[in-house]
Protein chains: 4
Amino acid sequence: MIGSKTWVIAEGYIPESSTGPAPTMTSHETACILNAGDSAAWIELTIYWSDREPSGPYHVEVPPRRTKHFRFNDLPIPHGTDYACVIRSSVPVVVQHTRLDSRQAANALMTTIAHPVDA
Amino acid sequence: MIGSKTWVIAEGYIPESSTGPAPTMTSHETACILNAGDSAAWIELTIYWSDREPSGPYHVEVPPRRTKHFRFNDLPIPHGTDYACVIRSSVPVVVQHTRLDSRQAANALMTTIAHPVDA
Amino acid sequence: MIGSKTWVIAEGYIPESSTGPAPTMTSHETACILNAGDSAAWIELTIYWSDREPSGPYHVEVPPRRTKHFRFNDLPIPHGTDYACVIRSSVPVVVQHTRLDSRQAANALMTTIAHPVDA
Amino acid sequence: MIGSKTWVIAEGYIPESSTGPAPTMTSHETACILNAGDSAAWIELTIYWSDREPSGPYHVEVPPRRTKHFRFNDLPIPHGTDYACVIRSSVPVVVQHTRLDSRQAANALMTTIAHPVDA
């Protein structure tokens with residue numbers, strides 16, 4: 001049983017523009033989820049905002065022994081807007097957060113393991 | 001109750017120049033704070049320097065179920081100067097640290113979950 | 001005994017192209033492993049995919065009191081493909097994950113300490 | 001007492017070239033250390049290599065209530081060479097690792113909180 005059932009990403013922000021071919025060079029944010037266990041992970045994502053009540057939860061499934069690199073761009077999140085995310089899973093998973101920002105001529109990247117919350 | 005009440009960012013440095021439109025492309029550092037709980041978070045930021053006594057504490061409030069992406073540029077921190085920050089909150093929160101550096105033609109990004117200190 | 005015996009990298013992706021001289025500027029991902037102990041570390045890497053069963057384990061040895069910056073490019077991982085990795089070691093080690101992305105004119109970097117799994 | 005007395009950076013690499021004015025835009029790596037306590041921190045840095053016995057320890061002092069952003073460039077570390085670092089302090093501190101890589105036209109940045117080792 002590898003990981004935690006709750007994870008937090010505090011820094012969410014999808015840049016408003018992009019340079020380069022879609023979809024690989026489109027400015028985006030991902031929650032990369034690894035489910036190394038033998039049961040499917042039923043996952044709920046709740047999105048927090050600076051100025052209104054949270055949205056969601058949105059649902060994602062990660063099959064056993066699979067990774068899913070989920071793009072926040074696929075949720076109804078306006079670009080250029082601050083947000084944060086709490087991720088709750090039915091089984092332990094590991095979550096890593098990444099942003100690709102291609103607003104300027106060369107892309108920028110950032111990543112961090114998300115913050116695990118003990119059960 | 002998600003998170004910790006004390007967090008540390010050891011690497012603080014606001015670049016001295018910027019390329020691109022303000023405020024989005026202005027070189028900046030943020031403490032992205034998520035308060036996922038149902039009580040307001042009263043937060044104190046203390047700034048540490050390499051060569052003088054600490055400054056602050058400075059105060060920030062994050063309402064219940066809200067995120068605040070706080071720019072260190074809004075504090076009296078000289079640019080081009082090494083600093084660090086201890087963040088103390090009245091309730092558990094999660095803190096992520098990000099820098100956007102646009103001194104050169106294309107911006108650079110970096111992020112990390114800050115260091116949580118157990119109660 | 002410094003570190004953990006199991007580590008997770010959830011965000012794996014080797015960019016499909018590169019700008020600049022090989023091998024230093026080739027787009028790549030690394031698992032930087034430090035074995036600060038006095039016994040050799042026998043390490044197994046298991047690669048997880050989004051749409052098929054895991055591959056491996058692949059084997060790496062890190063001698064006592066040595067670091068190895070292992071390139072995932074040296075494994076049979078197709079470029080431009082989402083993956084994740086679980087790293088299991090015979091002795092405690094520390095793992096840090098880095099990507100250099102040189103698809104566009106100037107390279108982008110990202111790093112994070114991998115997620116340690118308690119024994 | 002904020003932090004840990006032992007920290008690990010597994011990914012060390014000082015790029016071999018730079019673009020832009022020294023010292024700010026010189027390719028470099030730093031261990032950003034915060035000593036939030038009221039006693040001086042006496043710190044030992046041990047450098048690990050891929051192919052030879054460790055070097056050091058090298059000594060750094062961080063006064064009480066001060067941060068020091070220590071450049072690995074100031075140690076006898078050859079550029080373009082893989083290394084790792086174990087940091088031991090007489091009192092608890094927090095360590096964050098950063099690299100600025102300016103080999104190409106626009107700089108790249110990466111950061112992570114180092115790996116704390118429990119006492």
Side-chain angles (χ1 to χ4, degrees), chain A residues 1-4 7 9 11 18-21 23-38 41 43 60-71 87 89 92-116 118-119, chain C residues 4-17 19-20 25 27-30 45-57 77 79-88 95-119:
Chain A
M1 301 290 274
I2 287 180
S4 291
W7 293 83
I9 296 166
E11 159 67 295
S18 302
T19 305
T24 51
M25 299 310 295
T26 302
S27 289
H28 65 271
E29 287 201 306
T30 53
C32 298
I33 305 169
L34 174 63
N35 175 12
D38 291 325
I43 292 175
V60 179
E61 181 186 353
V62 184
R65 300 176 301 283
R66 295 292 185 277
T67 186
K68 185 172 181 66
H69 294 198
F70 179 81
R71 283 199 181 197
I87 297 165
S89 173
V93 295
V94 176
V95 178
Q96 186 169 344
H97 171 232
T98 298
R99 181 189 301 165
L100 184 149
D101 177 350
S102 64
R103 287 177 291 183
Q104 296 190 328
N107 61 310
L109 285 177
M110 66 183 206
T111 199
T112 186
I113 296 287
H115 180 66
D118 294 330
Chain C
S4 290
K5 294 168 81 172
T6 304
W7 293 82
V8 180
I9 296 165
E11 159 67 295
Y13 184 89
I14 302 172
E16 287 189 288
S17 63
T19 305
M25 300 309 295
S27 289
H28 64 271
E29 287 200 306
T30 53
L45 297 95
T46 303
I47 305 295
Y48 291 81
W49 312 98
S50 62
D51 55 3
R52 54 183 171 109
E53 288 294 313
S55 299
I77 295 176
H79 294 195
T81 301
D82 294 340
Y83 70 95
C85 182
V86 173
I87 297 164
R88 292 186 176 83
V95 179
Q96 187 169 344
H97 171 232
T98 299
R99 182 189 300 164
L100 184 149
D101 177 349
S102 64
R103 287 176 291 183
Q104 296 190 328
N107 62 310
L109 285 177
M110 65 184 207
T111 198
T112 185
I113 295 288
H115 180 66
V117 178
D118 294 331

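These numbers come from a predicted model, not from an experiment. First the proteins, then the strands, lettered A, B, ... as listed; each starts at 1.
- For C/Ile9, the parts lying near chain A are the backbone and the side chain together; criterion is any non-hydrogen pair under 4.5 Å.
- Atoms OG1 and CG, from A/Thr111 and C/Leu109 in turn, are 12.0 Å apart once rounded to the nearest 0.5 Å.
- Neither the backbone nor the side chain of A/Pro63 comes within less than 4.5 Å of any heavy atom of chain C.
- Closest of all the heavy-atom pairs between C/Ile113 and A/Ile113 is O-CG1, 3.2 Å.
- With respect to chain A, the highest number of heavy-atom pairs below 4.5 Å among C/Gly80, C/Pro15, C/Pro116, C/Ala84 belongs to C/Ala84.
- If you measure heavy-atom distances from A/Thr30 to chain C, the contacts under 4.5 Å come from the side chain alone.
- When all heavy atoms are compared, the tightest approach of A/Thr112 to C/Thr112 is CA-OG1, 3.6 Å.
- In this structure, CZ on A/Arg65 lies 12.5 Å from OG1 on C/Thr46, to the nearest 0.5 angstrom.
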C/Arg103 vs A/Thr24, side-chain contact (heavy atoms from CB on, under 4.5 Å): CA-CA, chis, key distance, verdict
CA-CA 10 Å; C/Arg103 287 176 291 183; A/Thr24 51; 4.0 Å; yes
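- Interface remark: of the candidates C/Ala105, C/Cys85, C/Pro54, C/Pro54 forms the most heavy-atom pairs closer than 4.5 Å to chain A.
- In this structure, C/Glu11 contributes its side chain and A/Cys32 its backbone to no donor-acceptor pair below 3.5 Å.
- In terms of heavy-atom pairs under 4.5 angstrom with chain C, the leader among A/Asn35, A/Val95, A/Leu34, A/Val62 is A/Leu34.
- Distance check: C/Trp49 CH2 to A/Arg66 CZ gives 11.5 Å after rounding to the nearest 0.5 Å.
- Ranked by non-hydrogen atom pairs under 4.5 Å with chain A, the options C/Glu53, C/His97, C/Arg99 are led by C/Glu53.
- A/Ala36 touches chain C through backbone and side chain together, each having a heavy atom under 4.5 Å away.
- No side-chain donor-acceptor contact under 3.5 Å links A/Thr67 to the backbone of C/Tyr48.
- Within the model, atoms OG of C/Ser102 and CG of A/Asn107 stand 9.5 Å from one another, a figure rounded to the nearest 0.5 Å.
- For a residue to count as touching a neighbouring chain, one of its non-hydrogen atoms must lie under 4.5 Å from one of that chain's; by this rule C/Tyr13 touches chain A with the side chain only.
- Residue contact with chain A, scored on non-hydrogen atoms closer than 4.5 Å, is absent for C/Thr19.
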